[in-house]
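The figures here come from the full heavy-atom set of this structure, side chains too, leaving out hydrogens, waters and symmetry mates.
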Amino acid sequence: MTSKVMDLRLRKLEKARKANRFDNMSEEQLNEEINLYLVEVCAPYGTVNAMAEALKASPDRLDQEVAGHLEWYIGYVGEERAAGRMG
C-alpha cells in the first residue's frame, strides 16, 4: 500500500472521528434531541419560558445571552407548530 493511499484512509478516518453526531440527523430528530435536553435543563424552573424569564432578569451577561437564545427557540417552535411542522 502506498503512502498516498494510507494518507487518504487516515484522513477519512480522522474526518469520521471528528464528525458531529448532529450532522446526519433530520430536522425532526434534531428538534427532538433539543427538546429532551431543554426539559432536563429547565426542570428546576418548571418551563422553558420560566427559565428564559429568570435568566433575562439575571445581572450576568451570559445568562442574558442564553435567555436570548431560549426566546429565539421559543419563537421558532411557535412558528413551526403554527405551520404544522412540529407537534
Side-chain angles (χ1 to χ4, degrees):
M1 197 176 309
T2 68
S3 63
K4 195 176 236 184
V5 171
M6 289 285 289
D7 188 45
L8 288 173
R9 287 184 177 174
L10 288 173
R11 253 190 273 146
K12 189 174 182 179
L13 287 171
E14 183 67 18
K15 186 177 177 182
R17 188 182 67 78
K18 287 183 178 180
N20 187 333
R21 71 183 184 101
F22 301 112
D23 289 344
N24 296 322
M25 286 185 169
S26 70
E27 190 167 334
E28 184 177 298
Q29 290 170 319
L30 187 56
N31 285 332
E32 182 63 30
E33 190 78 14
I34 290 169
N35 288 331
L36 288 173
Y37 284 115
L38 281 177
V39 165
E40 201 168 311
V41 170
C42 297
Y45 297 90
T47 66
V48 177
N49 291 332
M51 182 176 176
E53 290 300 317
L55 293 177
K56 190 172 23 173
S58 170
D60 187 285
R61 186 186 58 78
L62 185 58
D63 285 350
Q64 294 170 2
E65 189 175 321
V66 171
H69 292 295
L70 286 173
E71 287 177 337
W72 175 88
Y73 190 70
I74 291 165
Y76 166 76
V77 168
E79 290 173 10
E80 292 295 300
R81 285 184 176 160
R85 293 186 291 259
M86 187 182 280

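Annotation: salt bridge (charged side-chain N to carboxylate O under 4.0 Å, His left out) contacts involving residues 31-46, sequence neighbours excluded, comprise Arg21-Glu33. Sorted by first then second residue, the salt bridge (charged side-chain N to carboxylate O under 4.0 Å, His left out) pairs that include residues 42-52, not counting sequence neighbours, number zero. Legend: salt bridge (charged side-chain N to carboxylate O under 4.0 Å, His left out) pairs involving residues 59-70, not counting sequence neighbours, sorted by first then second residue: Arg61-Glu65. For the salt bridge (charged side-chain N to carboxylate O under 4.0 Å, His left out) condition, the pairs that include at least one residue of residues 74-84, sequence neighbours left out, are Glu80-Arg85.
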Side-chain polar contacts of residues 69-77 - donor-acceptor pairs under 3.5 angstrom, sequence neighbours left out - could you list them?
from: Glu71; atom 1: OE2; to: Lys56; atom 2: NZ; distance (Å): 2.8
from: Tyr73; atom 1: OH; to: Asn35; atom 2: OD1; distance (Å): 3.2
from: Tyr76; atom 1: OH; to: Glu27; atom 2: OE2; distance (Å): 2.6

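Residues passing the side chain to side chain contact (heavy atoms under 4.5 Å, CB included) test with Ala50, sequence neighbours excluded: Tyr45, Thr47.
Taken together through direct or relayed side-chain contacts under 4.5 Å among Ile, Leu, Val, Met, Phe, Trp and Tyr, Ile34 and Val39 form parts of separate hydrophobic clusters.
Listed here is the closest heavy atom pair of Met51 and Val41: CE-CG1, 3.5 Å. Heavy-atom minimum distance, Ala52 versus Ala67: O-CB, 3.4 Å.
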